[in-house]
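Structure, as structure tokens:
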Amino acid sequence: VIRTQPWTLSLAEQAELLRALSFRYFKWDVFACGRCLVLPESMILSLAAHAEVVGAVESLHRALERFEKRVRREPEALRRLGIPAALHRLIAEEEVYPLELARYDLFPTEDGRWMVSEFNEDVPGGFNEAAGLPELLGDPGAGLRWHDQLRERFLDAFRAYDSVALLYATAYSEDLQHMLILERWLAEAGHRTVLASPAHLRRGLRRPRVQGVPIDAAFRYYPGEWLPRLPNLATWQRVGPRLPQMNPLRHLVRQSKTMFALWREEGMLDDEDRAVVERHCPRTEPFRPGDAARWREERERWVLKPAFGRMGEAVTIGALVGEREWDETLAEACRAPQDWCVQERFVARPFPFAAGPMFPAVGAFVVNGRFAGYYSRAAARPLITHEAFHVATLVEAA
Amino acid sequence: MWRLWSKPLELLGRLGVGRIPTRKMRVGHPSALDGRGSMHWRDYARAERLYDVWGPAPDGPWVPFHCVPLFAALDRIPEDLMGPTPPVPAVDPALAAPAQLRGLPPHARPGALAPGWLAADTWTLLDLPGVLAVEAGAWLVAAGGCQPVCTFDNWPHPRGVLRAEEVLAELLRWATTVAEARPRLRSDSPPLWICDRGRLGARPGRPGELDNRYYLDDSILPGAGLLQQSGIRRVVYVTLAAGDVPVADVEPYLAELQTAGLEVLRVNLDDPALAPLPFIPPKKTGARPTGFRRSAAGGFGTIVPEPSSSGS
């Protein structure tokens, strides 16, 4: 399914590559805590594994799309998904434009499946490495190929829009680095761009404005659930439904981890989608304080997750923590049960890497429903956080 | 009805009516001279060149901590809008201006002697107002043979809350001075972290401003273990004036280093003797905050227990 192959680069060449990744592709967080987070090896998927991943993410995308369509105008469902009430109307009224970018991280499991524990549908990242490494590493050699269509698919999606705002949390250089690579792609394709905070969105005469620039569309790299805290929320409520943006706010439906519990209820999925979901997604229960004793008893079987945590934030895997930490997380969830869910743990499969056995998460980008390339990571524990290693992903050629 | 209005509105839009005038980003002044009185700063007017000259020894342990973002911004500034800090008229010390307006004292400027505390086992954390931190950094690299690590993790903007472009101009100003000292740097030269004391800002962003404040986290501040493995036994935290308290993102970190067995000292540059003083840890102890919560407008506000990023 997966094998690894070390780069055939000297240490000096590796250092040169990382520098190019930093300066040419704006990947500024190559290091964390003094450690390099880019593994000097590539992960190679068999052709069959690649086909299975592509099939899984495209069919999951279709299932999510249908689920979202079903619930996005239902305030009670949105509430159960943990989506702030201030956004319900905006989500219900949002027009549909083909501007969708997601990344699904699939874990190979001991029982031969590919499992997705959450969907990065709101603000997925990883563009810098996904575009930079294939270009910098170049020809992968006989029998191997890159699948890196992210730039092409991204530009296709924005083709109809001249002026594009790139909205992000401006105090974070790790977010700016994502914006700069997209800005370059858009500028090279002839678009006008403006980098700004979502707080800079203003109403205009004909078009909304950002930092004085009239815009036709936006790329939002700012978590949707934080929008109610913006000083210009009223502008977002007014302008947002008709602003073509990648990603639309309705994607919060798909981003919420409590969705995994909701879609198992009667009438939420058709038979085809249910089969896809049951094959690739873990069983999930809404958090009910009354069941806390059971989850305490069965700690090793469960994973506690907040609806909108990102990068593994606040995810607590019962099998990886002691009783005390588990109890503390259960107590925290009891205080805001609507914001939590409990997911059955699946047994991820480790693979041999040069640095030792690690658990890979094969990240697959999906743009407007189509697979668009890989951004994969690996970690010593079966939990991907901001300290996981990035690993270049190749596929065996046909 | 809409059609009746659309053409006049389109025309107004093309004429730019209602548009906020776009300010261009400027860094220093293109005709200003560098610290050596030359125009050779132009040799460092590219991001990678400036990053390299202000970075640690390339084969040493400190490379991962040298921050790219502010340097990377240089490649987006047109040549005719870029240069070192232009000269400013000297402030009469008799007017008792605040220390940061008076500038560095003579004993802590480039050309002054190296301070006594510098040694291979000493890690210096220079935490001064941005422009002064760069100038003092040039002093310590040139006189003390320190290997610099810059921690400027932000981006300049014409409407930025922080004037990051002033730091960039100062990096250009002293680039030739630091370049001259670089041949003496080795991987075990004393490490010097150069930090902008104003990084957390004095106020939140106002409407229309771009919040480019930032904080130092564990991607920028090495842990006690790494410091000790690299032969560091002593930490010196340098501020400008005696009354300067450690910045909120660093104070608990210093306490943590002290607890881990490193000797932590403080130096105030206003003291002509530059005598190290003991660091008194904050009374309130507890887990070190490793991040700050983002504010609604993309900046940040209160402390949270985990670092975070918008993306997933």
Side-chain angles (χ1 to χ4, degrees), chain A residues 15 19 22-23 26-36 103 105 118 120 122-126 167-178 180 195-200 204-207 209 211-214 221-223 226-233 255 309-311 313-314 386, chain B residues 5-6 9-10 12-13 16-22 47-48 51 58 61-72 75-76 153-155 157 159-161 201 205 207-215 217-219 222-223 226 292 294-300 306-312:
Chain A
R19 164 180 283 262
S22 285
F23 283 95
F26 313 108
K27 172 68 183 165
W28 297 332
D29 50 359
V30 165
F31 299 96
C33 306
R35 272 187 330 155
C36 179
R103 198 193 72 238
D105 296 337
E118 58 191 72
N120 302 305
D122 191 35
V123 283
L167 306 176
Y168 70 107
T170 57
Y172 290 81
S173 58
E174 67 265 39
D175 293 2
L176 173 62
Q177 68 184 15
H178 284 89
L180 291 177
L195 287 165
S197 155
H200 292 141
L205 285 173
R206 290 195 64 211
R207 289 180 289 172
R209 286 169 178 265
Q211 295 273 29
V213 178
Y221 200 74
Y222 186 87
W226 294 352
L227 238 55
R229 291 186 263 161
L230 283 171
N232 60 340
L233 173 65
Q255 177 74 36
R310 287 176 171 80
M311 298 285 281
E313 279 175 312
H386 65 287
Chain B
W5 281 103
S6 67
L9 290 176
E10 182 66 37
L12 287 172
V17 173
R19 185 177 298 177
I20 299 171
T22 309
E48 284 192 66
Y51 178 80
W62 312 119
V63 173
F65 300 95
H66 187 35
C67 281
V68 179
L70 186 60
F71 293 97
D75 284 347
R76 295 166 62 101
D153 196 16
N154 68 343
W155 192 255
H157 191 277
R159 295 191 187 91
V161 173
E209 284 186 330
L210 190 119
D211 191 345
N212 56 356
R213 297 173 297 157
Y214 62 101
Y215 57 89
D217 62 15
D218 57 7
S219 68
L226 179 63
F292 289 79
R294 287 155 196 269
S295 81
F300 53 86
E306 290 293 331
S308 175
S309 159
S310 291
S312 51

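Every chain is numbered from 1, with letters handed out A, B, ... down the list of sequences. Note that the coordinates shown come from a computational prediction; the quantities given were computed from them, not determined experimentally.
Counting only heavy atoms from C-beta outward, the side chains of B/Trp155 and A/Leu180 approach each other to under 4.5 Å. Proximity of B/Leu210 to A/Gln211: side-chain heavy atoms (C-beta onward) are separated by under 4.5 Å at one or more points. Counting only heavy atoms from C-beta outward, the side chains of A/Arg19 and B/Tyr51 approach each other to under 4.5 Å.
The minimum heavy-atom distance linking B/Ala72 with A/Trp28 is given by the pair CB-CZ2, 3.8 Å. Contact detail for A/Thr170 and B/Asp211: the closest heavy-atom pair is OG1-O, 2.7 Å. Nearest heavy atoms, A/His200 versus B/Glu209: NE2-O, 2.6 Å.
Applying the side chain to side chain donor-acceptor pair (under 3.5 Å) criterion to A/Ser173, with sequence neighbours excluded, gives B/Asp153. Residues satisfying the side chain to side chain donor-acceptor pair (under 3.5 Å) test with A/Asn232, not counting sequence neighbours, are none.
Of the two parts of A/Leu227, neither the backbone nor the side chain holds a non-hydrogen atom closer than 4.5 Å to a non-hydrogen atom of chain B. B/Pro69 touches chain A through backbone and side chain together, each having a heavy atom under 4.5 Å away.
The NE2 atom of B/His66 sits 10.5 Å away from atom OG of A/Ser22, with the distance rounded to the nearest 0.5 Å. Put simply, CG on B/Asp217 and SG on A/Cys33 are 8.0 Å apart, with the number rounded to the nearest 0.5 Å.
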Criterion ring pair (Phe, Tyr, Trp, His ring centres under 6.0 Å) on A/Phe23 and B/Phe71, from CA distance to verdict: CA-CA 9 Å; A/Phe23 283 95; B/Phe71 293 97; 8.2 Å; no
